[in-house]
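Predicted model only: the values in this text are computed from it and were never measured. Just so we're on the same page: letters track the sequence lines, and every chain starts at 1.
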Amino acid sequence: MPKEGITPRAEDYSQWYLDIVRNADLADYAEVVRGCIVFKPTGYAIWEAIQRGLDERIKETGHVNAYFPLLIPKSFLMREAEHVEGFAPEVAEVTRGGGEELAEPYVVRPTSETIIGYFYAKWVRSWRDLPLLINQWANVMRWEMRTRPFLRTAEFLWQEGHTVHATEAEAERETLMILHDVYADFVEKEMALPVIRGLKTEKEKFPGALRSYCIEAMMQDGRALQAGTSHNLGQNFARAFDITFTDQHNTVQHAWTTSWGVSTRLIGALIMAHSDDEGLVVPPRLAPIQVVVVPIHKNDAERGPVMEAVARITASWKGRIRFKIDDRDNQTPGYKYNEWELKGVPVRVEVGPKDVEKGTVAVARRDIPGRAGKSFVAQEGLSERIEALLDEIQQGLYQRALRFQQEHTFAAATYDELKAGVERGFVRCYWDGSSDDEKRIQDETRATIRCIPLDQPGVAGSCIYTGRQTTQQVIFARAY
RNA sequence: CGGGGCGUAGCGCAGUCUGGUAGCGCACAGCGUUUGGGACGCUGGGGUCGGGGGUUCGAAUCCCUCCGCCCCGACCA
(Lines give C-alpha, C1' and ligand atoms only; values in the text may rest on other atoms or scores of the structure.)
Protein backbone atom coordinates (compact mmCIF):
# COMPACT_ATOMS: atom_id res chain seq x y z
CA MET A 1 0.00 0.00 0.00
CA PRO A 2 1.35 3.38 -0.94
CA LYS A 3 2.12 5.97 1.66
CA GLU A 4 -0.32 8.70 2.45
CA GLY A 5 0.22 11.57 0.08
CA ILE A 6 1.91 9.53 -2.63
CA THR A 7 0.02 8.76 -5.81
CA PRO A 8 0.82 5.15 -6.81
CA ARG A 9 3.52 4.95 -9.46
CA ALA A 10 1.40 2.65 -11.62
CA GLU A 11 -1.54 5.04 -11.53
CA ASP A 12 0.10 8.31 -12.54
CA TYR A 13 3.85 8.25 -12.96
CA SER A 14 4.19 12.00 -13.35
CA GLN A 15 2.17 12.78 -10.24
CA TRP A 16 4.02 10.05 -8.34
CA TYR A 17 7.30 11.78 -9.19
CA LEU A 18 6.05 15.15 -7.94
CA ASP A 19 4.67 13.53 -4.79
CA ILE A 20 8.06 11.98 -4.02
CA VAL A 21 9.79 15.33 -4.45
CA ARG A 22 7.36 16.95 -2.05
CA ASN A 23 7.00 14.19 0.52
CA ALA A 24 10.69 13.38 0.71
CA ASP A 25 11.17 17.09 1.36
CA LEU A 26 13.68 17.45 -1.48
CA ALA A 27 12.49 20.70 -2.97
CA ASP A 28 9.89 23.42 -2.97
CA TYR A 29 8.58 25.25 -5.99
CA ALA A 30 10.14 28.69 -5.99
CA GLU A 31 6.60 30.01 -6.70
CA VAL A 32 7.65 33.63 -7.00
CA VAL A 33 10.35 32.82 -9.54
CA ARG A 34 9.03 31.11 -12.65
CA GLY A 35 10.36 27.64 -13.35
CA CYS A 36 12.75 27.59 -10.42
CA ILE A 37 12.90 25.44 -7.32
CA VAL A 38 14.30 25.74 -3.83
CA PHE A 39 16.64 22.88 -3.00
CA LYS A 40 15.64 21.98 0.54
CA PRO A 41 18.26 20.50 2.88
CA THR A 42 17.35 16.87 2.13
CA GLY A 43 17.60 17.49 -1.60
CA TYR A 44 20.70 19.61 -1.36
CA ALA A 45 22.46 16.94 0.70
CA ILE A 46 21.97 14.55 -2.21
CA TRP A 47 23.43 17.14 -4.56
CA GLU A 48 26.43 17.49 -2.25
CA ALA A 49 26.91 13.73 -2.37
CA ILE A 50 26.77 13.83 -6.16
CA GLN A 51 29.22 16.72 -6.21
CA ARG A 52 31.60 14.85 -3.95
CA GLY A 53 31.61 11.74 -6.12
CA LEU A 54 32.08 13.66 -9.34
CA ASP A 55 34.57 16.17 -8.00
CA GLU A 56 36.79 13.34 -6.79
CA ARG A 57 36.80 11.73 -10.22
CA ILE A 58 37.25 15.03 -12.06
CA LYS A 59 40.31 15.77 -9.95
CA GLU A 60 41.68 12.23 -10.15
CA THR A 61 41.67 12.57 -13.92
CA GLY A 62 43.82 15.68 -13.79
CA HIS A 63 41.40 18.59 -13.78
CA VAL A 64 41.25 21.59 -11.47
CA ASN A 65 38.33 23.78 -10.44
CA ALA A 66 37.91 27.47 -11.29
CA TYR A 67 35.03 29.91 -11.54
CA PHE A 68 33.93 32.25 -14.32
CA PRO A 69 31.34 35.09 -14.30
CA LEU A 70 27.61 34.45 -14.26
CA LEU A 71 27.04 37.18 -16.85
CA ILE A 72 28.28 36.95 -20.42
CA PRO A 73 28.35 39.78 -22.97
CA LYS A 74 25.49 39.09 -25.33
CA SER A 75 27.70 39.38 -28.38
CA PHE A 76 29.77 36.39 -27.21
CA LEU A 77 26.88 34.04 -27.86
CA MET A 78 26.70 35.22 -31.46
CA ARG A 79 30.21 34.22 -32.34
CA GLU A 80 29.46 30.58 -32.98
CA ALA A 81 26.60 30.15 -35.45
CA GLU A 82 25.08 26.87 -34.25
CA HIS A 83 25.59 27.87 -30.64
CA VAL A 84 23.60 31.09 -30.88
CA GLU A 85 20.84 29.34 -32.78
CA GLY A 86 20.64 26.67 -30.10
CA PHE A 87 20.64 28.91 -27.07
CA ALA A 88 19.36 32.36 -28.06
CA PRO A 89 15.69 31.47 -27.54
CA GLU A 90 16.24 30.49 -23.97
CA VAL A 91 18.60 33.07 -22.52
CA ALA A 92 17.67 35.68 -19.94
CA GLU A 93 19.17 39.11 -20.46
CA VAL A 94 20.40 41.80 -18.11
CA THR A 95 19.96 45.21 -19.68
CA ARG A 96 20.21 47.58 -16.73
CA GLY A 97 22.69 48.01 -13.91
CA GLY A 98 23.30 50.72 -11.36
CA GLY A 99 20.11 52.37 -12.47
CA GLU A 100 21.33 52.82 -16.03
CA GLU A 101 20.88 51.14 -19.38
CA LEU A 102 23.94 49.02 -20.18
CA ALA A 103 25.95 49.78 -23.30
CA GLU A 104 25.88 46.08 -24.13
CA PRO A 105 23.39 43.69 -22.56
CA TYR A 106 24.62 40.63 -20.69
CA VAL A 107 23.04 37.24 -20.82
CA VAL A 108 22.78 35.04 -17.76
CA ARG A 109 24.91 32.05 -18.75
CA PRO A 110 23.01 29.15 -20.26
CA THR A 111 26.42 27.41 -20.49
CA SER A 112 29.91 28.88 -20.45
CA GLU A 113 31.76 27.83 -23.59
CA THR A 114 31.80 31.40 -24.86
CA ILE A 115 33.06 33.30 -21.85
CA ILE A 116 35.54 30.58 -21.00
CA GLY A 117 36.65 30.55 -24.63
CA TYR A 118 37.40 34.25 -24.37
CA PHE A 119 39.73 33.72 -21.42
CA TYR A 120 41.29 30.59 -22.83
CA ALA A 121 42.27 32.64 -25.88
CA LYS A 122 44.25 34.88 -23.53
CA TRP A 123 45.78 32.05 -21.52
CA VAL A 124 46.87 29.70 -24.26
CA ARG A 125 50.04 30.69 -26.12
CA SER A 126 52.17 27.64 -26.63
CA TRP A 127 51.83 23.87 -26.94
CA ARG A 128 53.49 23.89 -23.53
CA ASP A 129 50.32 25.47 -22.07
CA LEU A 130 48.31 22.44 -23.18
CA PRO A 131 46.31 20.58 -22.25
CA LEU A 132 44.33 23.07 -20.19
CA LEU A 133 41.98 21.09 -17.95
CA ILE A 134 39.48 23.15 -15.96
CA ASN A 135 36.12 22.43 -14.39
CA GLN A 136 33.65 24.79 -12.79
CA TRP A 137 30.76 24.19 -10.41
CA ALA A 138 28.10 26.73 -11.21
CA ASN A 139 24.49 27.63 -11.74
CA VAL A 140 23.11 28.29 -15.21
CA MET A 141 19.82 29.60 -16.50
CA ARG A 142 17.74 28.51 -19.45
CA TRP A 143 14.29 30.00 -19.96
CA GLU A 144 12.62 26.66 -20.60
CA MET A 145 9.03 26.62 -21.79
CA ARG A 146 8.08 23.82 -19.50
CA THR A 147 9.79 22.97 -16.24
CA ARG A 148 9.70 20.09 -13.79
CA PRO A 149 11.52 19.90 -10.45
CA PHE A 150 15.11 18.67 -10.99
CA LEU A 151 14.44 17.32 -14.49
CA ARG A 152 14.21 20.68 -16.15
CA THR A 153 14.31 23.92 -14.22
CA ALA A 154 14.99 27.45 -15.39
CA GLU A 155 17.97 27.72 -13.07
CA PHE A 156 19.96 24.60 -12.33
CA LEU A 157 23.23 23.62 -10.72
CA TRP A 158 25.87 21.68 -12.56
CA GLN A 159 29.52 21.20 -13.26
CA GLU A 160 30.89 22.11 -16.65
CA GLY A 161 34.36 21.01 -17.69
CA HIS A 162 36.16 22.94 -20.41
CA THR A 163 39.43 21.70 -21.80
CA VAL A 164 41.87 22.71 -24.53
CA HIS A 165 44.11 20.32 -26.46
CA ALA A 166 46.77 20.45 -29.11
CA THR A 167 45.34 17.74 -31.33
CA GLU A 168 42.02 16.35 -32.40
CA ALA A 169 42.96 12.90 -31.16
CA GLU A 170 43.76 14.25 -27.72
CA ALA A 171 40.46 16.13 -27.53
CA GLU A 172 38.60 13.00 -28.58
CA ARG A 173 40.43 10.93 -25.97
CA GLU A 174 39.48 13.47 -23.28
CA THR A 175 35.84 13.51 -24.36
CA LEU A 176 35.57 9.74 -24.11
CA MET A 177 37.62 9.48 -20.94
CA ILE A 178 35.18 11.83 -19.17
CA LEU A 179 32.26 9.81 -20.47
CA HIS A 180 33.65 6.52 -19.19
CA ASP A 181 35.86 7.22 -16.21
CA VAL A 182 33.97 10.14 -14.70
CA TYR A 183 30.31 10.05 -15.72
CA ALA A 184 29.45 6.42 -16.38
CA ASP A 185 31.68 5.26 -13.53
CA PHE A 186 30.03 7.62 -11.06
CA VAL A 187 26.45 7.06 -12.15
CA GLU A 188 26.80 3.27 -12.23
CA LYS A 189 28.90 2.76 -9.11
CA GLU A 190 27.55 5.44 -6.80
CA MET A 191 24.03 6.01 -8.08
CA ALA A 192 23.47 2.32 -8.93
CA LEU A 193 22.11 3.36 -12.28
CA PRO A 194 23.15 1.41 -15.40
CA VAL A 195 23.69 3.63 -18.43
CA ILE A 196 24.08 3.28 -22.15
CA ARG A 197 27.10 5.08 -23.52
CA GLY A 198 26.76 6.46 -26.98
CA LEU A 199 27.13 9.17 -29.55
CA LYS A 200 24.41 11.73 -30.26
CA THR A 201 23.07 12.05 -33.77
CA GLU A 202 23.59 15.27 -35.75
CA LYS A 203 20.05 16.29 -34.78
CA GLU A 204 20.57 15.80 -31.06
CA LYS A 205 24.13 17.02 -30.60
CA PHE A 206 25.17 20.08 -28.62
CA PRO A 207 24.91 23.32 -30.63
CA GLY A 208 28.42 24.07 -31.78
CA ALA A 209 29.92 20.65 -31.11
CA LEU A 210 31.67 18.40 -33.56
CA ARG A 211 30.43 15.32 -31.71
CA SER A 212 28.42 14.84 -28.53
CA TYR A 213 28.63 11.71 -26.44
CA CYS A 214 26.18 10.88 -23.70
CA ILE A 215 25.09 8.41 -21.09
CA GLU A 216 21.43 7.51 -21.18
CA ALA A 217 19.56 5.93 -18.29
CA MET A 218 16.17 4.27 -18.24
CA MET A 219 13.51 5.47 -15.84
CA GLN A 220 10.86 3.18 -14.35
CA ASP A 221 8.31 4.22 -16.96
CA GLY A 222 10.64 3.13 -19.73
CA ARG A 223 11.56 6.64 -20.80
CA ALA A 224 15.13 7.77 -21.27
CA LEU A 225 16.93 10.41 -19.31
CA GLN A 226 20.20 11.88 -20.49
CA ALA A 227 22.38 11.62 -17.40
CA GLY A 228 25.49 13.31 -18.72
CA THR A 229 27.11 14.59 -21.90
CA SER A 230 30.62 15.08 -23.14
CA HIS A 231 31.33 17.10 -26.26
CA ASN A 232 34.22 17.17 -28.64
CA LEU A 233 33.92 20.76 -29.82
CA GLY A 234 36.50 20.34 -32.54
CA GLN A 235 37.99 23.71 -33.49
CA ASN A 236 34.61 25.47 -33.65
CA PHE A 237 34.94 27.46 -30.46
CA ALA A 238 38.69 27.88 -30.90
CA ARG A 239 37.96 29.61 -34.20
CA ALA A 240 35.12 31.69 -32.78
CA PHE A 241 37.23 32.88 -29.84
CA ASP A 242 40.62 32.69 -31.45
CA ILE A 243 42.14 30.11 -29.13
CA THR A 244 45.47 29.50 -30.84
CA PHE A 245 48.85 28.16 -29.84
CA THR A 246 52.29 27.84 -31.35
CA ASP A 247 53.24 24.20 -31.89
CA GLN A 248 56.65 22.51 -31.68
CA HIS A 249 57.36 23.54 -35.25
CA ASN A 250 56.66 27.24 -34.59
CA THR A 251 53.36 27.11 -36.48
CA VAL A 252 50.30 28.88 -35.09
CA GLN A 253 47.32 26.53 -34.85
CA HIS A 254 43.74 26.60 -33.62
CA ALA A 255 43.33 24.47 -30.53
CA TRP A 256 40.84 21.63 -30.02
CA THR A 257 38.40 22.01 -27.14
CA THR A 258 35.94 19.89 -25.22
CA SER A 259 33.15 20.55 -22.77
CA TRP A 260 31.15 18.21 -20.58
CA GLY A 261 28.53 18.51 -17.89
CA VAL A 262 26.13 16.86 -15.53
CA SER A 263 23.51 18.67 -13.52
CA THR A 264 21.03 18.51 -10.67
CA ARG A 265 18.92 16.61 -13.16
CA LEU A 266 20.73 13.56 -11.78
CA ILE A 267 18.58 13.96 -8.67
CA GLY A 268 15.56 13.51 -10.91
CA ALA A 269 17.17 10.41 -12.39
CA LEU A 270 17.80 9.05 -8.93
CA ILE A 271 14.17 9.49 -7.95
CA MET A 272 12.70 8.05 -11.12
CA ALA A 273 15.03 5.08 -11.28
CA HIS A 274 14.90 3.67 -7.77
CA SER A 275 12.00 5.07 -5.77
CA ASP A 276 8.71 3.34 -5.02
CA ASP A 277 5.27 4.06 -3.61
CA GLU A 278 6.76 4.37 -0.11
CA GLY A 279 8.96 7.28 -1.10
CA LEU A 280 12.52 7.97 -2.15
CA VAL A 281 15.14 5.22 -2.35
CA VAL A 282 18.76 6.36 -2.16
CA PRO A 283 21.61 3.95 -2.92
CA PRO A 284 23.85 3.50 0.16
CA ARG A 285 27.03 4.80 -1.43
CA LEU A 286 25.32 8.07 -2.28
CA ALA A 287 23.13 8.38 0.80
CA PRO A 288 23.92 11.36 3.06
CA ILE A 289 22.49 9.23 5.88
CA GLN A 290 23.05 5.50 5.39
CA VAL A 291 21.60 4.27 8.65
CA VAL A 292 19.07 5.88 10.93
CA VAL A 293 18.81 4.61 14.47
CA VAL A 294 15.42 4.90 16.17
CA PRO A 295 15.54 4.40 19.93
CA ILE A 296 12.28 3.22 21.46
CA HIS A 297 11.33 3.85 25.06
CA LYS A 298 8.08 4.44 26.91
CA ASN A 299 9.45 6.15 29.99
CA ASP A 300 12.57 7.42 31.70
CA ALA A 301 13.24 4.02 33.21
CA GLU A 302 13.53 2.52 29.75
CA ARG A 303 15.20 5.51 28.19
CA GLY A 304 18.48 5.17 30.06
CA PRO A 305 19.33 1.57 29.11
CA VAL A 306 18.10 2.04 25.54
CA MET A 307 20.18 5.13 24.91
CA GLU A 308 23.15 3.40 26.52
CA ALA A 309 22.73 0.49 24.12
CA VAL A 310 22.42 2.89 21.17
CA ALA A 311 25.63 4.62 22.19
CA ARG A 312 27.44 1.31 22.55
CA ILE A 313 26.18 -0.04 19.24
CA THR A 314 27.10 3.05 17.24
CA ALA A 315 30.41 3.71 19.00
CA SER A 316 32.44 2.13 16.24
CA TRP A 317 30.42 3.57 13.35
CA LYS A 318 32.08 6.98 13.17
CA GLY A 319 34.09 7.19 9.96
CA ARG A 320 32.70 3.86 8.72
CA ILE A 321 28.95 4.39 8.43
CA ARG A 322 27.12 7.67 7.92
CA PHE A 323 24.39 7.49 10.55
CA LYS A 324 21.90 9.53 12.50
CA ILE A 325 20.30 8.82 15.84
CA ASP A 326 16.71 10.04 15.76
CA ASP A 327 16.10 10.74 19.42
CA ARG A 328 13.29 13.24 18.96
CA ASP A 329 10.89 12.60 21.81
CA ASN A 330 7.96 14.43 20.26
CA GLN A 331 7.37 11.82 17.54
CA THR A 332 6.31 8.22 17.84
CA PRO A 333 8.48 5.43 16.40
CA GLY A 334 5.90 4.70 13.73
CA TYR A 335 6.00 8.28 12.55
CA LYS A 336 9.77 8.15 12.34
CA TYR A 337 9.76 4.92 10.34
CA ASN A 338 7.51 6.49 7.78
CA GLU A 339 9.45 9.70 7.63
CA TRP A 340 12.81 8.01 7.04
CA GLU A 341 11.34 5.68 4.48
CA LEU A 342 9.97 8.69 2.62
CA LYS A 343 13.42 10.19 2.65
CA GLY A 344 15.00 7.02 1.34
CA VAL A 345 17.49 6.18 4.10
CA PRO A 346 18.81 2.71 3.11
CA VAL A 347 18.81 1.04 6.53
CA ARG A 348 16.91 1.65 9.75
CA VAL A 349 17.96 0.20 13.08
CA GLU A 350 15.42 0.09 15.91
CA VAL A 351 16.56 -0.33 19.48
CA GLY A 352 13.93 -0.91 22.18
CA PRO A 353 13.69 -2.36 25.68
CA LYS A 354 13.22 -5.88 24.33
CA ASP A 355 16.38 -5.54 22.27
CA VAL A 356 18.31 -4.36 25.30
CA GLU A 357 17.11 -7.44 27.11
CA LYS A 358 17.90 -9.88 24.29
CA GLY A 359 21.01 -8.24 22.90
CA THR A 360 19.37 -7.71 19.51
CA VAL A 361 18.21 -4.86 17.28
CA ALA A 362 15.63 -4.65 14.53
CA VAL A 363 17.09 -3.93 11.09
CA ALA A 364 14.86 -2.72 8.26
CA ARG A 365 16.09 -2.32 4.70
CA ARG A 366 14.58 0.36 2.50
CA ASP A 367 14.88 -1.56 -0.75
CA ILE A 368 12.42 -4.14 0.62
CA PRO A 369 9.67 -1.95 2.05
CA GLY A 370 7.46 -2.65 5.04
CA ARG A 371 7.75 -5.52 7.46
CA ALA A 372 9.09 -7.86 4.78
CA GLY A 373 12.44 -6.10 4.89
CA LYS A 374 12.67 -6.12 8.67
CA SER A 375 14.57 -8.65 10.75
CA PHE A 376 16.03 -9.00 14.22
CA VAL A 377 19.76 -9.44 14.48
CA ALA A 378 22.31 -9.69 17.28
CA GLN A 379 24.08 -6.58 18.50
CA GLU A 380 27.24 -8.64 18.41
CA GLY A 381 28.96 -8.01 15.07
CA LEU A 382 26.28 -5.56 13.98
CA SER A 383 28.63 -3.05 12.37
CA GLU A 384 30.02 -5.65 9.99
CA ARG A 385 26.56 -6.93 9.17
CA ILE A 386 25.35 -3.43 8.39
CA GLU A 387 28.34 -2.70 6.20
CA ALA A 388 27.65 -5.92 4.32
CA LEU A 389 23.97 -5.07 4.09
CA LEU A 390 24.69 -1.60 2.68
CA ASP A 391 26.84 -3.21 0.05
CA GLU A 392 24.16 -5.77 -0.71
CA ILE A 393 21.54 -3.05 -1.11
CA GLN A 394 23.84 -1.07 -3.39
CA GLN A 395 24.42 -4.07 -5.65
CA GLY A 396 20.77 -5.07 -5.45
CA LEU A 397 19.57 -1.67 -6.63
CA TYR A 398 21.99 -1.71 -9.52
CA GLN A 399 21.02 -5.23 -10.54
CA ARG A 400 17.33 -4.44 -10.27
CA ALA A 401 17.72 -1.35 -12.45
CA LEU A 402 19.88 -3.28 -14.93
CA ARG A 403 17.35 -6.07 -15.19
CA PHE A 404 14.59 -3.54 -15.73
CA GLN A 405 16.58 -1.85 -18.45
CA GLN A 406 17.28 -5.15 -20.19
CA GLU A 407 13.70 -6.34 -19.92
CA HIS A 408 12.49 -3.05 -21.40
CA THR A 409 14.93 -2.88 -24.28
CA PHE A 410 13.53 -4.34 -27.48
CA ALA A 411 15.15 -5.24 -30.74
CA ALA A 412 13.10 -3.98 -33.65
CA ALA A 413 13.34 -4.95 -37.30
CA THR A 414 10.33 -3.02 -38.57
CA TYR A 415 8.92 0.45 -38.04
CA ASP A 416 5.82 -1.08 -36.45
CA GLU A 417 7.97 -2.90 -33.94
CA LEU A 418 9.71 0.36 -33.17
CA LYS A 419 6.39 2.10 -32.58
CA ALA A 420 5.28 -0.65 -30.22
CA GLY A 421 8.63 -0.79 -28.44
CA VAL A 422 8.90 2.88 -27.53
CA GLU A 423 5.59 2.61 -25.70
CA ARG A 424 7.33 0.44 -23.14
CA GLY A 425 11.04 1.24 -23.22
CA PHE A 426 14.11 1.45 -25.41
CA VAL A 427 14.22 0.16 -28.95
CA ARG A 428 17.48 -0.98 -30.47
CA CYS A 429 17.55 -1.15 -34.25
CA TYR A 430 19.58 -0.58 -37.39
CA TRP A 431 19.57 2.98 -38.61
CA ASP A 432 20.77 4.69 -41.75
CA GLY A 433 18.25 7.54 -41.97
CA SER A 434 18.66 11.30 -42.18
CA SER A 435 17.90 14.03 -39.64
CA ASP A 436 14.64 14.61 -41.50
CA ASP A 437 13.72 10.95 -41.16
CA GLU A 438 14.49 11.21 -37.47
CA LYS A 439 12.26 14.25 -37.17
CA ARG A 440 9.40 12.47 -38.92
CA ILE A 441 9.71 9.52 -36.58
CA GLN A 442 9.69 11.88 -33.64
CA ASP A 443 6.48 13.52 -34.90
CA GLU A 444 4.85 10.15 -35.33
CA THR A 445 6.05 8.34 -32.22
CA ARG A 446 7.31 11.06 -29.83
CA ALA A 447 10.52 9.02 -29.67
CA THR A 448 13.97 10.24 -30.63
CA ILE A 449 17.30 8.60 -31.19
CA ARG A 450 18.83 8.77 -27.75
CA CYS A 451 22.21 7.66 -28.96
CA ILE A 452 24.30 5.51 -31.24
CA PRO A 453 25.65 3.06 -28.64
CA LEU A 454 29.40 2.73 -28.49
CA ASP A 455 29.14 -1.05 -28.49
CA GLN A 456 28.01 -2.05 -31.95
CA PRO A 457 27.36 -5.55 -33.27
CA GLY A 458 29.74 -5.20 -36.19
CA VAL A 459 27.41 -7.08 -38.51
CA ALA A 460 25.12 -5.47 -41.04
CA GLY A 461 21.36 -5.31 -41.03
CA SER A 462 18.71 -3.24 -42.75
CA CYS A 463 17.71 0.22 -41.56
CA ILE A 464 14.35 0.23 -39.87
CA TYR A 465 13.19 3.23 -41.87
CA THR A 466 15.02 3.29 -45.19
CA GLY A 467 15.69 -0.41 -45.53
CA ARG A 468 19.29 0.29 -46.55
CA GLN A 469 22.02 -2.04 -45.34
CA THR A 470 24.06 -0.62 -42.46
CA THR A 471 26.15 -1.80 -39.53
CA GLN A 472 24.98 1.03 -37.31
CA GLN A 473 22.49 0.41 -34.53
CA VAL A 474 20.77 3.14 -32.52
CA ILE A 475 18.55 3.41 -29.45
CA PHE A 476 15.15 5.01 -29.87
CA ALA A 477 13.15 6.11 -26.82
CA ARG A 478 10.89 8.76 -25.48
CA ALA A 479 12.96 11.07 -23.37
CA TYR A 480 12.69 13.44 -20.46
C1' C B 1 3.10 28.95 -27.76
C1' G B 2 -1.77 25.86 -27.60
C1' G B 3 -5.22 23.30 -24.09
C1' G B 4 -6.79 22.72 -19.01
C1' G B 5 -6.80 23.77 -13.77
C1' C B 6 -6.01 26.70 -9.58
C1' G B 7 -5.28 31.30 -6.44
C1' U B 8 -9.62 31.60 0.70
C1' A B 9 -4.95 30.50 7.83
C1' G B 10 1.82 27.53 7.29
C1' C B 11 -0.18 23.13 4.04
C1' G B 12 -4.55 20.67 1.71
C1' C B 13 -9.40 22.19 0.74
C1' A B 14 -15.00 23.64 1.31
C1' G B 15 -17.82 28.01 0.72
C1' U B 16 -18.75 31.21 -5.24
C1' C B 17 -23.98 28.54 -9.07
C1' U B 18 -28.35 31.25 -5.48
C1' G B 19 -24.43 38.28 -2.34
C1' G B 20 -25.74 38.97 4.24
C1' U B 21 -19.58 40.08 6.91
C1' A B 22 -15.43 33.13 6.62
C1' G B 23 -15.30 27.40 7.79
C1' C B 24 -13.16 22.12 7.86
C1' G B 25 -8.84 18.71 8.16
C1' C B 26 -3.71 18.67 9.04
C1' A B 27 0.05 21.62 11.13
C1' C B 28 1.08 25.12 15.33
C1' A B 29 0.80 26.61 21.09
C1' G B 30 -0.56 24.96 26.30
C1' C B 31 -1.93 20.88 29.55
C1' G B 32 -2.61 15.69 30.35
C1' U B 33 -2.40 10.68 28.75
C1' U B 34 0.70 8.13 25.07
C1' U B 35 5.27 5.99 22.37
C1' G B 36 7.88 -1.68 18.83
C1' G B 37 4.42 0.98 11.90
C1' G B 38 1.93 7.86 10.43
C1' A B 39 -1.17 8.53 18.87
C1' C B 40 -5.45 10.65 21.63
C1' G B 41 -8.37 14.20 24.57
C1' C B 42 -9.39 19.12 26.15
C1' U B 43 -8.21 24.26 25.44
C1' G B 44 -6.23 28.07 22.29
C1' G B 45 -3.91 31.35 18.51
C1' G B 46 -3.78 32.42 13.49
C1' G B 47 -7.21 35.01 7.35
C1' U B 48 -5.39 42.26 3.12
C1' C B 49 -10.43 35.51 0.52
C1' G B 50 -3.89 36.93 -5.61
C1' G B 51 -3.93 42.70 -7.09
C1' G B 52 -6.83 46.82 -9.02
C1' G B 53 -11.45 48.79 -10.58
C1' G B 54 -16.87 48.45 -10.85
C1' U B 55 -22.17 47.04 -9.43
C1' U B 56 -24.75 46.97 -4.57
C1' C B 57 -27.30 49.21 1.61
C1' G B 58 -23.82 45.05 1.69
C1' A B 59 -18.97 41.25 -2.41
C1' A B 60 -14.71 35.46 -1.13
C1' U B 61 -19.43 35.20 -3.98
C1' C B 62 -21.75 39.22 -9.61
C1' C B 63 -19.03 42.21 -13.76
C1' C B 64 -14.34 44.22 -15.98
C1' U B 65 -9.15 44.00 -15.85
C1' C B 66 -4.28 42.67 -14.52
C1' C B 67 -0.93 39.19 -12.21
C1' G B 68 0.89 34.60 -10.60
C1' C B 69 1.41 29.35 -10.08
C1' C B 70 0.55 24.19 -11.48
C1' C B 71 -0.69 20.18 -14.99
C1' C B 72 -0.96 18.15 -20.17
C1' G B 73 0.99 18.95 -25.06
C1' A B 74 4.37 21.23 -28.55
C1' C B 75 9.45 22.82 -28.01
C1' C B 76 14.26 21.83 -25.82
C1' A B 77 21.12 20.18 -24.20
Any donor-acceptor pair, under 3.5 Å, between the side chain of A:Glu339 and the base of B:G38, if you only look at N and O atoms? no
Evaluate side-chain contact (heavy atoms from CB on, under 4.5 Å) for A:Thr445 paired with A:Tyr415, printing each intermediate quantity in order. CA-CA 10 Å; A:Thr445 67; A:Tyr415 190 32; 3.8 Å; yes
If you check the A:Arg22 side chain, which of B:G12, B:G37, B:C75 turns out closest? B:G12
Can you tell me which nucleotide in B:G36, B:C75, B:U35 comes closest to the side chain of A:Lys298? B:U35
Tell me whether the side-chain N or O atoms of A:Arg371 pair up with the base of B:G36 as donor and acceptor below 3.5 Å, since no angle test is needed here. no
Quick check for you: among B:C71, B:G36, B:C76, whose closest atom lies nearest to any side-chain atom of A:Gln442? B:C76
Side-chain contact check for A:Tyr337: nearest option of B:G37, B:G38, B:C76 is B:G37
Anything under 3.5 Å between a protein N or O and an N or O of nucleotides 3-8 of chain B, put it in a table, one pair a line.
none

With a 4.0 Å cut-off on N to O distance, would you call A:Arg211 and A:Glu172 a salt bridge? yes
Please determine whether any donor N or O and acceptor N or O are separated by less than 3.5 Å between the side chain of A:Lys3 and the base of B:G38. no
Take A:Phe476 and A:Phe426, measure what ring pair (Phe, Tyr, Trp, His ring centres under 6.0 Å) needs, and give me the verdict at the end. CA-CA 6 Å; A:Phe476 271 96; A:Phe426 289 3; over 10 Å; no
Salt bridge flag under 4.0 Å for residues A:Arg328 and A:Glu339: yes
Looking only at the side chain of A:Asp355 (C-beta and beyond, no hydrogens), which of the listed nucleotides B:C76, B:A74, B:G36 gets closest? B:G36
Kindly say if A:Thr332 contacts the phosphate of B:A39, meaning a side-chain N or O under 4.0 Å from OP1 or OP2. yes
Salt-bridge test for A:Lys200 and A:Glu216: reply yes if a basic N is under 4.0 Å from a carboxylate O, no otherwise. yes
I want to verify a distance call: between B:C75, B:C71, B:G37, whose nearest atom is closest to the A:Leu18 side chain? B:C71
For residues 340-347 of chain A, which side-chain N or O atoms pair as donor and acceptor with protein atoms under 3.5 Å away, sequence neighbours left out?
unit_1   : atom_1 : unit_2   : atom_2 : d
A:Trp340 : NE1    : A:Asp326 : OD2    : 2.8
A:Glu341 : OE1    : A:Lys3   : NZ     : 2.8
A:Glu341 : OE2    : A:Arg348 : NH1    : 3.0

Looking across every strand, which nucleic acid part, if any, lies under 4.0 Å from A:Arg446 by heavy atom: base, sugar-phosphate, or nothing? sugar-phosphate
Can you tell me if the side-chain N/O atoms of A:Lys205 get under 4.0 Å from OP1 or OP2 in B:C76? no
Hey, are A:Arg9 and A:Asp276 close enough for a salt bridge, meaning a charged N less than 4.0 Å from a carboxylate O? no
The side chain of A:Asn338 is closest to which nucleotide in this list: B:G37, B:C75, B:G36? B:G37
Between A:Lys439 and A:Ile296, name the one whose nearest nucleotide on RNA chain B is closer to the 5' end. A:Ile296
Is the gap between the ring centers of A:Phe206 and A:His83 under 6.0 Å? yes
Centre-to-centre under 6.0 Å for A:Tyr120 and A:Phe241, is that the case here? no
For RNA chain B, which residues of residues 148-157 of chain A approach it to below 4.0 angstrom with any heavy atom? A:Arg148, A:Arg152
